[in-house]
Asks: 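Structure below; questions to follow.
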Amino acid sequence: MSNFDIQLENFEGPLDLLLHLIKKHEMDIYDIPMTAITEQYLAILDAMKTINLDVAGEFLLMAATLLHIKSKQLLPKIVEEDQEEEEDDPRAELVRRLLEYQKYKEVSQTLDSRPQLNREIFARVAPEPEVLEDTESGFVAVGLFDLLEALQEVFKESQEPHAHEVNLEQLSVTDRINAILSSLQGKESIAFVDLFSGGLKRNEMIVTFLALLELVKLRMVRFMQNTHHGTIWLFPAVALDEMDAQDSVDDTLDPNVGDDTFGYS
Amino acid sequence: MIPLIRTLEMTLLDTLELTPLIEALIFAADGPIKAERMAGALEIDQNEIMLAIEALREDYAEQPRGFFLQEVAGGYQLRTRPEYADYLRKLGHSRPFKFSRPALETLAIIAYRQPVTRAEIEYLRGVDSGSVLKTLLEKRLVRILGKKDVPGKPMIYGTTREFLELFGLPDLSSLPTLKEFSELLPGDENEVYTERLPLLVNDDIIEDDN
Amino acid sequence: MIPLIRTLEMTLLDTLELTPLIEALIFAADGPIKAERMAGALEIDQNEIMLAIEALREDYAEQPRGFFLQEVAGGYQLRTRPEYADYLRKLGHSRPFKFSRPALETLAIIAYRQPVTRAEIEYLRGVDSGSVLKTLLEKRLVRILGKKDVPGKPMIYGTTREFLELFGLPDLSSLPTLKEFSELLPGDENEVYTERLPLLVNDDIIEDDN
């Protein structure tokens, strides 16, 4: 087993690897010996190949850059008037990048050493918001990322062919409510997504969703979510055996629910 | 505060040291926390915990604090003093602007597809969007641009200046594209969506809003 | 408790009465709370709030408490003292972010260079950073600020309020100082510190919520 593999794991990229070589061989970063460092660098890439590591394109690109700089150094200098003095050294840009990268590499470690919330320091855990209790004012703080994500979801959804005819006879919100309640029976909770699994058609999903909304309205279930975008859980709001005392759910339902909401199609 | 210094050798932490730690545990717990649970985490005797809780209670009684220690559901919890309820409620109401998922989806569609009709929004979302649309209109994030010149003359919607302000955008052309967003994802399974977007955005849509 | 009844008509609450109320407001808030928000809810001058916060801070310094008052993300929050970390972790209500080195590096670059494009990040790091960027966006430590007004209109990124909260920073100007240069010799400690920070900080970078 080569002793390279443990090391290689630790390199973020070619700049990181170069910094490592400069440090290890005590090179002067402002006067990098190109021949030495290129040899060292290529040796590591070879080692990566021998142990069947995929050498990422970035590493190969850097190898080419190193060779290019080396070859430029070998060429006789042609003084160009337009060029700044600094640019005369073909290594200048590489040195700049290395110094810059090192700066951020170090500060990221400084940052990580600070006491972090939920790692060293804890704040009071605010009570969990009840999802859907307050639908319109919602609970998700929003940024452009959320907006894009929402849009992507919408388009992902609408990729599937649309069924324009909704067969109302097959679907009843009431039936779906009873089905959900019976699947909650004897359980503490169900995951929201589980109610939508099993290849439901779009209209079946809508009915399921309406059933859930109705259950929330009737305060028979509650939705809870632990984190942003976390799993949404469905809990019975009252013990289910208490609910059995109510003969049927049907009486409490708004009879218009299904019809109204399907009006759009 | 009466310092209860114990001489017992067995315990790692005396009550004086233990009290703020117990306060921290109760403070950070996500609900009432039982003395035995704290004893378990600290690997000390439950009696030690009880002494610290007692010290904490005395401490709170001695000087005015914003909260008090309540024994509830077999555990302990810090709760704000009831006389502050009005102020706390007031604060609860001035919450930052937050969105539900449906609102966000609808807003995203309007932002990227404007001018857009309600039917188009609902076709994309697959659900009725009337109430969400109403909320967005009320919050002045969306406005009616006019009527579409097709049979039925449906209303067309677009975003407002407030929308731009909320997202910190100088104008609609600064909306990031879904294409670049998709490129953040490894693999190319998202390529399907890229061709659909961005829709051309008419700058003058928001002009008259200023 | 000495009731200090003030005769001044202007203020409803004096600092001594106000302090526990402010403590309650900070305690009950679901994140760092701004002084101006408290001032708004109590309908008093912000200076009064600041006096109470100062009193609270002194109070916490005087006697050992389980938590301390931290100024973070432009507001105030009670947080447990770091020395209790082990015990609190044991109680299991911690879901700390586990940063990979790429994630930390990318986050650092965004924090110090914002507004910054993905291409700039990748040039600095020398590697593709799309998936790391996406993770940071999902964790809400980074957000899209808009698009850069250059050809191709790339998205520009910046850090969020959550970023400040996570690292306990009052604002972006409190970021640790970048070391301009450090000797790369092994074990060499000759580090030159420079004050080349922070880059201009736009208030609206963190203004998005709260």
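Here is the naming used below: chain letters follow the sequence lines, and residue numbers restart at 1 for every chain. Hydrogens, waters and symmetry mates are skipped; everything else that's a heavy atom, side chains included, is used. Here the structure is a predicted model, which is why all the values come from computation and not from measurement.
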Asks: What part of C/Phe167 gets within 4.5 angstrom of chain A, counting heavy atoms only: side chain, backbone, both, or neither?
Replies: both
Asks: Okay, side chain of C/Arg89, backbone of A/Arg119: is any donor-acceptor separation there less than 3.5 Å?
Replies: yes
Asks: Do C/Lys148 and C/Glu120 meet the salt-bridge criterion of a basic N to acidic O distance under 4.0 Å?
Replies: yes
Asks: Are any side-chain N or O atoms of C/Thr80 and backbone N or O atoms of A/Phe122, one a donor and one an acceptor, separated by less than 3.5 Å?
Replies: yes
Asks: Looking at chain A, which one of C/Val127, C/Ile109, C/Asp128 has the largest number of heavy-atom pairs inside 4.5 Å, strictly under?
Replies: C/Val127
Asks: With C/Val142, which of C/Val116, C/Ile110, C/Val132 fulfils side-chain contact (heavy atoms from CB on, under 4.5 Å)?
Replies: C/Ile110
Asks: Side chain, backbone, both or neither: which part of C/Leu78 has a non-hydrogen atom closer than 4.5 Å to chain A?
Replies: backbone
Asks: Which value, rounded to the nearest 0.5 Å, describes the distance between A/Ile32 atom CD1 and A/Gln73 atom CD?
Replies: 9.5 Å
Asks: Hey, does the side chain of C/Glu122 reach the backbone of C/Ser129 with a donor-acceptor pair shorter than 3.5 angstrom?
Replies: yes
Asks: Please flag which part of C/Phe67 lies under 4.5 Å from any non-hydrogen atom of chain A: side chain, backbone, both or neither.
Replies: neither
Asks: Between C/Asp86 and chain A, with a heavy-atom cut-off of 4.5 Å, which part of the residue counts as in contact: side chain, backbone, both or neither?
Replies: neither
Asks: Which residue out of C/Gly146, C/Ala103, C/Pro102 racks up the most heavy-atom pairs below 4.5 Å with chain A?
Replies: C/Pro102
Asks: Go through C/Thr117 and C/Met155 one step at a time and tell me if the side-chain contact (heavy atoms from CB on, under 4.5 Å) criterion holds.
Replies: CA-CA 6 Å; C/Thr117 66; C/Met155 288 203 264; over 6 Å; no
Asks: Using heavy-atom distances under 4.5 Å, tell me whether C/Glu105 contacts chain A through its side chain, its backbone, both, or neither.
Replies: both
Asks: A/His25, A/Arg97, A/Glu120, A/Arg114: which one forms the most heavy-atom pairs within less than 4.5 Å of chain C?
Replies: A/Arg97
Asks: Let me know if C/Phe163 has heavy atoms under 4.5 Å from chain A in its side chain, its backbone, both or neither.
Replies: side chain
